[in-house]
Amino acid sequence: MNEAARQYWNSFCAKIGTVTEASAFAFGDKPDDLAKLVIQGQKTATSSAAIFYEKNDVPFPKKGDYAIVLNGKNQPVAIIVTVDVRLTPMNEVSETFAIAEGDGSYENWKIIHEAYFQQELEKVDQAYSSDLLLVCEWFEVVDVLMRS
């Protein structure tokens with residue numbers, strides 16, 4: 001976590017009167033656009049391939065986890081909390097979840113995510129398949145620092 005994110009997190013913890021852990025990340029390959037959708041309430045879900053968590057020895061997110069959303073300049077813009085997590089094969093992702101990711105429609109979600117996962121999996125010498133196991137996470141915005 002960078003210093004700006006750490007300061008934001010410490011300030012948030014002081015405001016709510018508790019201290020807990022948080023991660024910090026930027027969404028996908030268009031972090032500014034996606035952060036804006038989060039702040040506007042149009043993006044309330046995200047997904048990643050389970051294999052990326054496993055390869056990096058990172059635990060799956062769980063309900064109650066906090067995260068600091070970063071923009072394309074790695075500056076904090078908001079804090080989210082996970083409200084649900086499910087492991088779902090990509091070809092079984094619901095239309096409701098796909099729309100919650102902020103891509104407009106299930107068809108757009110599928111096109112965008114197939115291309116993204118194909119590209120990212122190639123980087124780690126893995127092949128894409130339509131039943132790629134995804135970590136599907138729903139979240140709520142609990143604080144906004146910077147309106148994109």
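These figures come from a predicted structure and were not determined experimentally. Heavy atoms only: backbone and side chains are in, while hydrogens, waters and symmetry mates are out.
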Inter- and intrachain pairs under ring pair (Phe, Tyr, Trp, His ring centres under 6.0 Å), touching residues 15-45, at least two apart:
Phe25-Phe27, Phe27-Phe139
With ring pair (Phe, Tyr, Trp, His ring centres under 6.0 Å) as the rule and sequence neighbours excluded, what pairs involving residues 72-99 come up?
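The answer is Phe97-Trp138.
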Are side-chain heavy atoms of Val38 and Val141 found at a separation under 4.5 Å?
yes
Side chains of Leu132 and Phe117, heavy atoms from C-beta outward: is any pair under 4.5 Å?
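Of all side-chain heavy-atom pairs linking Phe117 with Leu132, at least one is under 4.5 Å.
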Residue list, side chain to side chain donor-acceptor pair (under 3.5 Å) with [X], at least two apart or on another chain:
| X | result |
| --- | --- |
| Lys15 | Asp143 |
| Glu122 | none |
| Ser129 | Asp131 |
| Glu21 | none |

Under 3.5 Å, is there a donor on one side chain and an acceptor on the other for Glu3 and Gln7?
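The answer is yes; a qualifying pair exists.
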Taking atom types as modelled, is there a side-chain donor on Glu140 or Thr44 under 3.5 Å from an acceptor on the other?
no
Sorted by chain and residue number, the side chain to side chain contact (heavy atoms under 4.5 Å, CB included) partners of Gln119 (sequence neighbours excluded) come out as Lys123
Side-chain (Lys43) to main-chain (Glu101) donor-acceptor, under 3.5 angstrom:
yes
Flag, side chain of Asn2 to backbone of Asn74, donor-acceptor distance under 3.5 Å
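Judged by distance alone, yes, a pair lies under 3.5 Å.
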ILVMFWY cluster membership beyond Val135 - transitive side-chain contacts under 4.5 angstrom:
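ILVMFWY cluster around Val135 also holds Tyr53, Val58, Phe60, Val85, Leu87, Leu133.
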Flag yes if more than 12 heavy atoms outside Gln118 fall under 6.0 Å of its CD atom; otherwise flag no.
yes
Ring pair (Phe, Tyr, Trp, His ring centres under 6.0 Å) against Tyr128, all qualifying residues, sequence neighbours excluded
none
Salt bridge (charged side-chain N to carboxylate O under 4.0 Å, His left out) partners of Arg86, counting only residues at least two apart
Asp84
Name all residues meeting the salt bridge (charged side-chain N to carboxylate O under 4.0 Å, His left out) criterion together with Glu137; count only those two or more places apart in sequence or in a different chain, and write none if there are none.
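Not a single residue meets the salt bridge (charged side-chain N to carboxylate O under 4.0 Å, His left out) criterion with Glu137.
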Search all heavy atoms of Ile99 against all heavy atoms of Ser105 and return the closest pair with its distance.
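Here Ile99 and Ser105 meet closest at CG1-CA, 4.2 Å.
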Pair listing, side-chain hydrogen bond (donor to acceptor under 3.5 Å, both in side chains) test, anchored in residues 54-68, at least two apart:
Lys62-Asp65
